[in-house]
Amino acid sequence: MLDRAFFARPALLVAPELIGAILRIDGVGGTIVETEAYDQADPASHSFPGPTPRNASMFGPPGCAYVYRSYGVHWCLNFVCNDEGHGGGVLIRALEPLYGLERMAERRGAASPRLLCSGPGRLGQALAVTKGLDGLPLDQPPFALQPRAAEPLIAVGPRIGISKAAERPWRFGLAGSLFLSRPFPRPICALEAREACPS
DNA sequence: GGTATGATTGACT
DNA sequence: GTCAATCATACCA
């Protein structure tokens, strides 16, 4: 189980380490394959302007959920990082579905496995994320979070859908995964890594 | 009070 | 490729 100490660090460090971890909410979930880091000193972050009612949980204890409504339509899930009061977070952008595929398909409407959790809004819908989960600790039900078993090959690129600080390479993904919300601009795959570092 | 803006998605040309 | 849905928040008056 990933404990509070794991999250009491900068989001930029936590975000890549979450790739490969398994997230479940009420037993429904899968492997985290895509994350983005946000920090209070980051113009793109909801916490940038300082604490407000909306982003209050970003300034609460690390290791809790921060849930916000996107475009008035979608619920998006973040993990709060940094020490308490420092407003960092990791947006969970995509999962590879493993558990509760049937419930996900019901919530999403009959959809192919690739469309169940590949994007923050889709993931929120598939896992029934709502404001009711905002601020809840991730090490207690309905959440279940287990660390990854092995060190995966991680792709890095700019974050999606933001206009400020858009150049920062703060998006992380499981290289080669079929369940990313979008491909990485310069995908890192095993073949490419071999070519870059011939033994 | 009014208005512009999204950490998105799905439908459509 | 374009665009509407839909609403909380931010910002200005």
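Within every chain, numbering begins at 1; the chains are lettered A, B, ... in the order of the sequence lines, protein sequences first and strands thereafter. Note that the structure is predicted; figures quoted are calculated from it, not measured.
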Checklist line | Position toward the 5' end of DNA chain C (nearest nucleotide), A:R54 or A:V73 | finding: A:V73
Margin query: Donor-acceptor check, side chain of A:D134 to backbone of A:V67, threshold 3.5 angstrom: yes or no?
Written below: yes
Item checked: Closest listed nucleotide, where the reference is the side chain of A:R69 and the choices are B:dT9, C:dC7, C:dA5 -> C:dC7
Taking only N/O atoms, report every protein-nucleotides 10-13 of chain B pair under 3.5 Å with atom names and distance.
residue: B:dG10; atom: OP1; partner: A:R108; partner atom: NH1; Å: 2.9
residue: B:dG10; atom: OP1; partner: A:R108; partner atom: NH2; Å: 2.8
residue: B:dG10; atom: OP2; partner: A:R122; partner atom: NE; Å: 2.7
residue: B:dG10; atom: OP2; partner: A:R122; partner atom: NH2; Å: 2.6

Next item on the list: Starting from P on B:dT8, measure out to CG on A:L77 and report it in whole angstrom.
Entry: 14 Å
Next item on the list: Using a heavy-atom cut-off of under 4.0 Å over every strand shown, decide if A:S163 touches base, sugar-phosphate, or nothing.
Entry: sugar-phosphate
Next item on the list: Give a yes or no on whether the backbone of A:V14 and the side-chain of A:R9 come within a donor-acceptor separation of less than 3.5 Å.
Entry: no
Check: Roughly, in whole Å, what's the span from CZ in A:R159 to C1' in B:dT8?
Finding: 16 Å
Next item on the list: Decide yes or no on side chain to side chain contact (heavy atoms under 4.5 Å, CB included) for A:L138 and A:F7, but give the supporting numbers first.
Entry: CA-CA 10 Å; A:L138 299 169; A:F7 291 100; 4.0 Å; yes
Margin query: Taking 4.0 Å as the cut-off, does a side-chain nitrogen or oxygen of A:S70 come that near to OP1 or OP2 on B:dT9?
Written below: no
Next item on the list: Round to a whole Å and report the spacing from CE of A:M58 to C1' of C:dA8.
Entry: 16 Å
Notebook entry, point to check: For A:L91, which contact category applies under a 4.0 Å heavy-atom criterion: base, sugar-phosphate, or nothing?
Noted result: base
Notebook entry, point to check: Hey, are the side chains of A:F179 and A:T31 touching, using non-hydrogen atoms and a 4.5 Å cut-off?
Noted result: no
Notebook entry, point to check: When the P atoms of C:dC3 and B:dT5 are considered, how many whole Å apart are they?
Noted result: 16 Å
Margin query: Looking at A:H74, I'd like to know whether one of its side-chain N or O atoms comes within less than 4.0 Å of OP1 or OP2 on B:dT9.
Written below: no
Check: How far, in whole Å, is B:dA4 from C:dA4 if one measures between their P atoms?
Finding: 15 Å
Notebook entry, point to check: At their closest point, which heavy atom of A:L18 faces which heavy atom of A:R148, and how far apart are they?
Noted result: N-NH1, 4.5 Å
Item checked: Separation of atom CD1 in A:I162 from atom P in B:dA7, rounded to whole Å -> 8 Å
Next item on the list: State whether the distance check finds a donor on one side and an acceptor on the other, under 3.5 Å, for side chain A:Y68 versus base B:dA7.
Entry: yes
Item checked: A:E34 CD to B:dT9 P, straight-line distance once rounded to whole Å -> 9 Å
Notebook entry, point to check: Between the side chain of A:N82 and the main-chain N/O of A:G89, is any donor-acceptor distance below 3.5 Å?
Noted result: no
Margin query: Nearest whole Å is fine: how far is B:dT8 C1' from A:N78 CG?
Written below: 14 Å
Next item on the list: Using whole Å, report how far CZ of A:R171 lies from C1' of B:dT8.
Entry: 14 Å
Note to self: Once you apply a heavy-atom cut-off of 4.0 Å, does A:G121 come out as touching a base, just sugar-phosphate, or nothing?
What the structure shows: sugar-phosphate
Check: Is there a side-chain polar atom (N or O) of A:R182 under 4.0 Å from OP1 or OP2 of B:dT8?
Finding: no
Margin query: Going by salt bridge (charged side-chain N to carboxylate O under 4.0 Å, His left out), name the pairs with one or both residues in residues 96-114 of chain A, residues two or more places apart or in two chains.
Written below: none
Checklist line | A:K164 NZ - B:dG6 P separation (whole Å) | finding: 6 Å
Notebook entry, point to check: Taking side chain as C-beta onward, heavy atoms only, is A:R69 less than 4.5 Å from A:K131?
Noted result: no
Item checked: N/O (side chain, A:T52) to phosphate O (OP1/OP2, C:dA10) under 4.0 Å -> yes
Next item on the list: Under 3.5 Å for both distances, Watson-Crick or G-U wobble, that's the pair rule; now give the dot-bracket for DNA chain C, with | marking pairs to another strand and [ ] for crossing ones.
Entry: |||||.||||||.
Next item on the list: Could you tell me whether a side-chain N or O of A:D3 sits under 3.5 Å from a main-chain N or O of A:F6, the two making a donor and an acceptor?
Entry: yes
Notebook entry, point to check: Any salt bridge between A:D42 and A:R159, counting N to O under 4.0 Å?
Noted result: yes
